[in-house]
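From a predicted model like this one, the values you see are computed outputs, not experimental measurements.
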Amino acid sequence: MDDESMNGAPKRRGHWMASLKMITGLLLVWLVIAYVVAPIGWKVFAKRDPTFDDSPRLTQTGYHHPGDPLNVALVGSESRLQEIMKAAQWFPAARLGLKSDLKIAADTLLSHPDDDAPVSELFLFGRKEDLAFEQPVGDSPRHRHHVRLWKINEANHDGPTRWIGSAVYDRGVGLSRTTGQITHITAPDVDAERNYLFSCLEKTDFLSRRFVVPGFHKQIEGRNGGGDRWHTDGNLYVGIIEALEP
């Protein structure tokens with residue numbers, strides 16, 4: 001065997017070893033990216049911009065009629081949610097009951113403002129709203145801003161606590177077209193109420209940022225449980241409430 005053949009074998013082995021090292025290195029890089037870096041990145045992304053894709057789009061009445069469309073979402077603990085609503089001058093709504101019903105009836109007849117007038121119950125995830133807030137307009141409970149909110153998850157179970165809700169403006173009192181009961185008549189432009197709520201929240205020091213989920217609604221118009229029309233651009237507004245420093 002000549003010297004060239006003898007010298008060629010080590011060279012080929014050297015090239016083969018270099019190629020093996022390169023392939024092994026690329027494989028290790030892929031494993032680290034695919035199984036370490038990417039999952040961490042997606043967790044950070046999910047915490048930064050929580051998704052609401054698996055949420056329903058409409059609430060339901062107690063009679064299983066379609067209710068108001070969902071158009072707002074907030075991310076933060078219940079205590080911080082209470083604080084930001086208070087700072088925005090939105091007040092907790094009273095629970096339905098004989099006492100609250102009589103009070104709102106008297107305030108409506110006598111044109112007295114009512115900061116905690118009750119809201120009717122709507123249902124999501126098989127339960128009524130967890131929290132409800134309102135802001136009176138003028139000197140009568142006939143007109144008011146209000147929002148119902150449902151908790152989607154528990155804190156520390158799937159990231160920060162997420163809330164989703166429906167902000168709607170009551171423009172008067174009348175008879176429900178579906179049940180004939182006395183109820184509030186809602187304004188059709190639910191986007192205006194969504195926008196108003198966030199304008200109030202942004203005036204506080206508690207909202208760290210907000211973003212929009214475009215195309216959240218495919219159905220952009222309809223009627224709620226009382227038969228009132230509604231329409232929307234289909235977007236969901238999401239607000240991240242600033243957490244307290246540890």
Side-chain angles (χ1 to χ4, degrees), residues 38-61 65-78 80-81 84-85 87-88 90 122-127 129-135 145-155 157-171 186-225 228-243:
I40 292 174
W42 279 113
K43 287 181 180 179
V44 171
F45 176 81
K47 289 183 178 179
R48 178 174 175 81
D49 288 332
T51 62
F52 294 85
D53 291 339
D54 56 350
S55 299
R57 271 40 177 178
L58 297 176
T59 60
Q60 278 193 340
T61 70
H65 295 144
D68 297 323
L70 299 167
N71 55 1
V72 296
L74 293 167
V75 180
S77 67
E78 182 173 342
R80 292 297 279 172
L81 175 57
I84 193 174
M85 296 304 288
W90 283 60
L122 290 179
F123 292 82
L124 195 69
F125 311 121
R127 68 179 193 273
E129 64 275 358
D130 296 303
L131 297 172
F133 299 89
E134 66 177 9
Q135 187 182 79
H145 305 280
H146 72 287
V147 59
R148 299 175 179 85
L149 293 165
W150 287 262
K151 184 186 293 186
I152 294 180
N153 67 319
E154 294 291 340
H157 178 69
D158 185 23
T161 305
R162 291 175 293 152
W163 307 80
I164 195 163
S166 174
V168 181
Y169 181 72
D170 286 336
R171 60 186 179 92
T186 58
D189 187 357
V190 296
D191 296 342
E193 188 69 353
R194 173 198 67 193
N195 299 347
Y196 176 74
L197 172 61
F198 269 79
S199 72
C200 293
L201 298 178
E202 287 172 341
K203 293 175 183 176
T204 73
D205 296 327
F206 298 95
L207 195 68
S208 63
R209 66 187 185 89
R210 63 172 246 187
F211 64 93
V212 177
V213 179
F216 180 75
H217 285 279
K218 304 306 179 198
Q219 177 186 349
I220 59 172
E221 61 181 0
R223 289 183 181 271
N224 64 13
D228 303 324
R229 289 188 178 276
W230 59 265
H231 59 81
T232 177
D233 59 12
N235 295 338
L236 177 76
Y237 279 21
V238 183
I240 309 297
I241 305 172
E242 189 163 336

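- A side-chain donor-acceptor contact under 3.5 Å links Ser208 to the backbone of Ile240.
- To the nearest 0.5 Å, atom CG of residue Leu70 and atom NE2 of residue His217 are 6.0 Å apart.
- Summarising the geometry, atom CG belonging to Asn153 is positioned 9.5 Å from atom CH2 belonging to Trp163; distances are rounded to the nearest 0.5 Å.
- In this structure, Trp230 and Leu58 approach most closely via the heavy-atom pair CZ2-CD2, 3.7 Å.
- Checked by atom type and distance alone, the side chain of Asn71 pairs as donor or acceptor with a backbone atom of Val190 at under 3.5 Å.
- Nearest approach of Val213 to Phe211, heavy atoms of both residues: CG2-CE1, 4.0 Å.
- Thr186 and Asn224 are linked by a side-chain donor-acceptor pair at a separation below 3.5 angstrom, with hydrogens and angles left out of the test.
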Apply side chain to side chain contact (heavy atoms under 4.5 Å, CB included) to the pair Leu122 and Thr61, showing each step before the final yes or no. CA-CA 5 Å; Leu122 290 179; Thr61 70; 4.0 Å; yes
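- The salt bridge (charged side-chain N to carboxylate O under 4.0 Å, His left out) check on Asp189 picks up nothing, with sequence neighbours excluded.
- Rounding to the nearest 0.5 angstrom, the gap separating the CG atom in Asp130 from the CZ atom in Phe125 is 9.0 Å.
- Side chains of Leu81 and Ile241 form a contact here, defined as non-hydrogen atoms less than 4.5 Å apart.
- Residues Ala88 and Cys200 come closest through the heavy atom pair CB-O, 3.8 Å.
- Listed by first and then second residue, the salt bridge (Lys or Arg N to Asp or Glu O under 4.0 Å) pairs involving residues 210-221 are Glu202-Arg210 (not counting sequence neighbours).
- Side chains of Glu193 and His145: a donor on one and an acceptor on the other come within 3.5 Å.
- Between the Ser166 side chain and the Pro69 main chain, a donor and an acceptor come within less than 3.5 Å of each other.
- In terms of heavy atoms, Phe198 sits closest to Ala73 at CZ-O, 3.9 Å.
- Within the cation-pi definition used here (under 6.0 Å to the ring centroid, within 45° of the axis), Arg57 qualifies as a partner of Phe216.
- Contact between Pro160 and Val75 at its shortest, heavy atoms only, is CB-CG1, 3.6 Å.
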Please report the C-alpha distance between Arg223 and Asp68 in whole Å, then the side-chain angles of each, then the deciding distance to 0.1 Å, and finally whether the salt bridge (charged side-chain N to carboxylate O under 4.0 Å, His left out) criterion is met. CA-CA 8 Å; Arg223 289 183 181 271; Asp68 297 323; over 6 Å; no
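- For Phe123, there are no ring-ring contact (aromatic ring centres under 6.0 Å, His included) partners two or more places apart in sequence or in a different chain.
- Separating the CZ atom in Arg194 from the CG atom in Asn235 is a distance of 5.5 Å, to the nearest 0.5 Å.
- The side-chain contact (heavy atoms from CB on, under 4.5 Å) test with Ile164 is passed by exactly one of Leu124, Leu149, Val72: Leu124.
- Once rounded to the nearest 0.5 Å, the distance linking OH of Tyr196 with CG of Leu201 reads 10.5 Å.
- Pairing each heavy atom of Arg171 with each of Pro188, the nearest pair is NE-CD, 4.2 Å.
- The backbone N or O of Arg127 sits less than 3.5 Å from a side-chain atom of Trp150, completing a donor-acceptor pair.
- Distance check: His231 NE2 to Arg229 CZ gives 10.0 Å after rounding to the nearest 0.5 Å.
- A donor-acceptor pair under 3.5 Å is formed between the side chain of Asp191 and the backbone N or O of Asp233.
- Applying side-chain contact (heavy atoms from CB on, under 4.5 Å) to Phe133 and the options Met85, Arg148, His146 leaves one that passes, Met85.
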Could you check Lys151 against Arg162 for side chain to side chain contact (heavy atoms under 4.5 Å, CB included), going step by step and ending with a plain yes or no? CA-CA 6 Å; Lys151 184 186 293 186; Arg162 291 175 293 152; over 6 Å; no
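- For the pair Leu197 and Gln135, the minimum side-chain heavy-atom distance is 4.5 Å or more.
- Side chains of Asn195 and Tyr237 form a contact here, defined as non-hydrogen atoms less than 4.5 Å apart.
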